[in-house]
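Take a look at the structure below.
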Amino acid sequence: MNKPTANQIKHRLRQQGKTLKQFAAEHGFRYRTVSDVVRGLRIGNYGEGREVRIALGLPVAD
């Protein structure tokens, strides 16, 4: 399964009428964490980063 790019993730959210900031607020995440996960600056193997990956539907390492 190909990992979606940051632009693909943002495009999918835009199709739902949401921004990264709105997504973060709706799910109780910090915007910075969501942005870092989407841009690949935070891997998201544990903690809030992992929860963000799950909420975005991205694969997580077990």
Side-chain angles (χ1 to χ4, degrees):
M1 181 162 119
N2 290 339
K3 177 183 160 194
T5 65
N7 282 338
Q8 289 170 329
I9 294 167
K10 288 189 272 188
H11 179 72
R12 188 173 70 214
L13 287 172
R14 269 195 307 267
Q15 286 179 320
Q16 298 170 13
K18 298 178 187 177
T19 63
L20 284 180
K21 197 169 215 173
Q22 289 170 326
F23 174 85
E26 287 175 8
H27 290 85
F29 300 131
R30 292 182 302 231
Y31 167 73
R32 182 61 179 247
T33 303
V34 174
S35 178
D36 287 352
V37 168
V38 168
R39 292 183 298 143
L41 298 177
R42 185 177 274 193
I43 298 171
N45 286 335
Y46 57 91
E48 188 178 32
R50 180 181 176 87
E51 296 301 318
V52 168
R53 289 186 68 81
I54 292 169
L56 286 169
L58 299 174
V60 292
D62 288 331

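What you see below is based on every heavy atom in this structure, not just the backbone, and it leaves out hydrogens, waters and symmetry mates.
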(request) Considering non-hydrogen atoms only, spot the tightest contact between L20 and S35 and give its length. (result) CD1-CA, 4.4 Å

(request) Return the minimal non-hydrogen interatomic distance between D36 and R39, and the atom names on each side. (result) OD1-NH2, 2.9 Å

(request) Measure across I43 and R53 and return the closest heavy-atom pair with its distance rounded to 0.1 Å. (result) O-CD, 3.0 Å

(message) Show the nearest heavy-atom pair for residues P4 and L58, with the distance to one decimal.
(response) CG-CD2, 3.3 Å

(message) I'd like to check the salt bridge (Lys or Arg N to Asp or Glu O under 4.0 Å) partners of K18; sequence neighbours left out, ordered by chain and number.
(response) E26

(request) Kindly write out the residues that satisfy side chain to side chain contact (heavy atoms under 4.5 Å, CB included) with A55, not counting sequence neighbours, or none if the list is empty. (result) F23, H27, F29

(message) Whether the side chain of R42 engages the backbone of R32 through a donor-acceptor N/O pair (distance < 3.5 Å, no angle test) should be reported.
(response) no

(request) Of all the heavy-atom pairs spanning K10 and V38, show the shortest one and how long it is. (result) CG-CG1, 4.4 Å

(request) Give, for atom OG1 of T19 and atom CD of Q22, the distance between the pair rounded to the nearest 0.5 Å. (result) 3.5 Å

(request) List in chain and number order the residues that pass salt bridge (Lys or Arg N to Asp or Glu O under 4.0 Å) with R30, two or more places apart in sequence or in another chain; answer none if no residue qualifies. (result) E48

(message) With rounding to the nearest 0.5 angstrom, report the CD to OG1 distance, E51 to T33.
(response) 11.5 Å

